[in-house]
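The next block holds one structure in the form of structure tokens; read it before the comments.
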Amino acid sequence: MKYNALKGIQDILPPDVYIWQSIESTARSIFFKYGFREIKLPIIESTDIFTRGIGEATDIVEKEMYTFPDKADRSITLRPEGTAPAVRCYVENGLHNLPSPQKFFYTGPMFRYERPQKGRFRQFYQIGVEAFGVAQPTLDVELILMLRDFLEGIGLRELNFEVNSIGDEKCRPDYKAALMNFFGQNLDEFCPDCRRRYTTNPLRILDCKVERCIELRQGAPAVTDYLCGECREHFEGLIAGLRALGVRYTLNPNLVRGLDYYTRTTFEVTSEHLGAQKAVAAGGRYDKLIKEFGGPPTPAIGFAIGMERIVALLKEIAPAVEPEPKVFIATLGKEAEIEGFKIAGQVRAAGFWAEPNYGGASLKSQLRKADRLGAEFAFIIGENELKAGKIQWKGLKTGEQGEVEIRNITSLLTDNVKPSNP
RNA sequence: GUGGGCGUAGCUCAAAGGUAGAGUACUGGACUGUGGCUCCAGGCGUUGCGGGUUCGAUCCCCGUCGCCCACCCCA
């Protein structure tokens, strides 16, 4: 019987996992400086968290959710995204009673039942960021700035920052009507997908990739021309802030999002070095969602970073590297083996990776193993060394060899070697 | 859900109807206490699975599962 991981679900192994760790630690340190605190959220929720939060008619809810009945026949769902659970958490824990803004981030897997392809998986990881309680566009600007700091911090360049505003419940209906009026004139010339979108979500016609549709939508009304006064002011504040802080961006009036809860600001960071799924991070405002979840009306904004996609970009820049032991401890004989484990303890206490040999083997094969592991030093302990209270050390990169008293091992290392962390 | 490509050793790939091979990796040895180089030894792999055609299938056909890419949509 051969077992496979489920379709679209993969193991993450070394050395890749070291890239993941470094991304997460960079996120923690940069987000900390912006005052974002980490929270741990459950990966399963009551199904209605998502149907209510994301929207009944969205693709995610209609066809992509992992939904099961539990043993008491409650409908539960593996989270397909993090914002709805974060809002549930915010309201349930009464966090609106704390000073605004409340700023959080979280990491972990999301689940969507989709056909896998490059950059798309059924279980995929996101770093999610949410900020509650401030309506001013300065918060939007700060989030985008933090996202840029993060992406540059992990070493990514050549990314496109696209921003847009899709208005709110006051002005979006007007825009939608104008759009339908425009497309309705020659609807039968559009592709079948767009004809379907016309009724389900006409905004999506704006980012259809079919060439004919791109031609046909020339001259279509732009969302930013239909913003109400308040939304316009907000959008202008966002643009002014980005400019003032030197964030390079492009306006993309066709940037519409597939989740119902977005209002006003939407943004997306893309790379040309990925496949068709080229968004590495995306987000927007959701000013109505907290009230929808039974909390007080509270403006909020957030974004999500796609881990697999930034890992793919980083691997393109530099392949993942396997960390190497600092010291391999080769021993000859039972007594030396025990002494070897004690010495390993000293090396570790000094902050270095010590790798022992397990069980008897010839010195030759032990050194070969040390070499293949990429160890920097081999320590050799046999009968002679035990008697003398010394060890032989050998630099496997340099070929140098010498003797040192066991009690001086720590200073030998700390004086000559830099500690290495994963 | 739709379309296309691909499934042979841990990995990369041969074998184009006559019942599977190489490189690499791994382990050990040559070198009974000194790695990297070299040489030697070690794999009965249900050729993804199931059926069909054939005297005979890794190869042809059908189905199925899986992977990859694209569409839809999204991080």
Side-chain angles (χ1 to χ4, degrees), chain A residues 1-10 13 54 57-64 79-83 107-129 147 191-194 196-197 200-201 204 207-210 255-259 267-271 274-284 302-313 328 330-333 336 357 360-386 391-401:
Chain A
M1 175 77 86
K2 193 179 172 188
Y3 292 103
N4 294 329
L6 297 175
K7 181 198 275 286
I9 295 183
Q10 53 186 205
L13 303 175
I54 301 169
T58 58
D59 275 23
I60 290 180
V61 169
E62 274 184 352
K63 52 186 205 191
E64 295 173 4
R79 63 180 181 190
E81 61 102 48
T83 297
T107 67
M110 308 293 166
F111 304 85
R112 290 182 200 170
Y113 192 88
E114 300 182 272
R115 282 287 280 276
Q117 70 184 82
K118 191 178 179 69
R120 168 190 286 164
F121 310 94
R122 288 188 170 180
Q123 174 173 338
F124 59 101
Y125 290 75
Q126 289 186 337
I127 303 175
V129 170
L147 176 57
C191 71
D193 277 330
C194 281
R196 174 179 55 75
R197 290 176 180 122
T200 56
N201 190 352
R204 296 228 68 93
D207 61 4
C208 179
K209 290 163 196 157
V210 176
L255 179 61
V256 294
R257 321 248 67 247
L259 290 71
F267 59 97
E268 189 166 290
V269 182
T270 60
S271 166
L274 293 169
Q277 310 306 322
K278 60 183 188 174
V280 299
F303 65 81
I305 300 161
M307 281 293 285
E308 288 81 358
R309 294 180 186 176
I310 58 180
V311 168
L313 289 174
F328 185 91
T331 59
L332 294 158
N357 188 67
S362 68
L363 182 60
K364 179 174 196 60
S365 74
Q366 292 187 57
L367 286 177
R368 190 185 329 180
K369 179 183 272 185
D371 186 59
R372 287 178 186 183
L373 287 172
E376 191 163 338
F377 291 98
F379 284 1
I380 300 165
I381 307 158
E383 284 177 25
N384 304 338
E385 288 76 15
L386 283 178
I391 61 147
Q392 299 283 329
W393 62 265
K394 180 165 192 176
L396 293 170
K397 317 270 190 200
T398 63
E400 288 178 286
Q401 184 162 351

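Just so we're on the same page: letters track the sequence lines, and every chain starts at 1.
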5'-most contact on RNA chain B: A:V269 or A:C208, nearest heavy atom basis?
->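 Upstream on the strand: A:C208.
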If you pin A:E308 and A:E383 to their nearest nucleotides in RNA chain B, which one's is more 5'?
-> A:E383
Determine the Euclidean distance between corresponding [atom1] atoms of [M] and [N]; express it in Å to zero decimal places.
N	M	atom1	answer
B:C39	B:C44	P	23 Å
B:C74	B:U27	P	49 Å
B:C71	B:U19	C1'	42 Å
B:U64	B:U2	P	11 Å
B:C62	B:C26	P	42 Å
B:U32	B:A16	P	47 Å
B:C49	B:U8	P	10 Å
B:C6	B:A75	P	33 Å

Nearest-nucleotide pick for A:D59, side chain only, options being B:C72, B:U34, B:A75 = B:C72
I want to check something: taking the side chain as every heavy atom from C-beta on, are [X] and [Y] in contact at a cut-off of under 4.5 Å?
X	Y	result
A:Q392	A:Q401	yes
A:F121	A:E308	yes
A:D193	A:C208	no
A:I380	A:L363	yes
A:Y113	A:R122	yes
A:K278	A:S271	no
A:Q126	A:P109	no

N/O to N/O distances under 3.5 Å, protein versus nucleotides 27-30 of chain B:
residue, atom, partner, partner atom, Å
B:U27, OP2, A:R372, NH1, 3.1

Of all the heavy-atom pairs spanning A:Q366 and A:F328, show the shortest one and how long it is.
-> O-CE2, 3.5 Å
Of all the heavy-atom pairs spanning A:A279 and A:T270, show the shortest one and how long it is.
-> CA-CG2, 4.0 Å
Measure distances between side-chain N and O atoms of A:D371 and base N and O atoms of B:G36, and say whether any donor-acceptor pair falls under 3.5 Å.
->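 In this structure, the two groups form no donor-acceptor pair.
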hbond_proxy A:Q401 side chain to B:U34 base (donor-acceptor, 3.5 Å cutoff) = yes
Within the structure shown, what part of the strands sits under 4.0 Å from [X] by heavy-atom distance: base, sugar-phosphate, or nothing?
X	result
A:E268	nothing
A:A370	nothing
A:E114	base

Figure out the [atom1]/[atom2] separation between [X] and [N], and round it to whole Å.
X	N	atom1	atom2	value
A:Q126	B:A75	CD	C1'	5 Å
A:I54	B:C74	CD1	P	11 Å
A:R120	B:C74	CZ	C1'	6 Å
A:R79	B:A75	CZ	C1'	13 Å
A:R122	B:A75	CZ	C1'	17 Å
A:F377	B:U34	CZ	C1'	16 Å
A:W393	B:U34	CH2	C1'	14 Å
A:R196	B:G1	CZ	P	16 Å

Determine which pairs satisfy salt bridge (charged side-chain N to carboxylate O under 4.0 Å, His left out) with at least one residue from residues 112-121 of chain A, sequence neighbours left out, and list them in order.
-> A:E114-A:R120
Going 5' to 3' through nucleotides 64-70 of chain B, assign each nucleotide B (protein heavy atom under 4.0 Å from a base atom), S (under 4.0 Å only from sugar-phosphate atoms) or - (no protein heavy atom that close).
-> ---S-SB
Paired with [N]: which nucleotide, if any, by Watson-Crick or G-U wobble criteria at under 3.5 Å for both distances?
N	answer
B:C55	B:G18
B:G1	B:C71
B:G66	B:C6
B:U47	none
B:G23	B:C11
B:A30	B:U38

Does A:R204 have a side-chain nitrogen or oxygen under 4.0 Å from the phosphate oxygens OP1 or OP2 of B:C74?
-> yes
Count the heavy atoms belonging to other residues, nucleotides or ligands that lie under 6.0 Å from CD of A:E383, then report whether that count exceeds 12.
->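 Counting other residues, nucleotides and ligands, CD of A:E383 stays at 12 neighbours or fewer.
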Apply the side chain to side chain contact (heavy atoms under 4.5 Å, CB included) test between A:I305 and each candidate in A:T107, A:I310, A:V280, A:V269; give the one that qualifies.
->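 So the option named by the test is A:I310.
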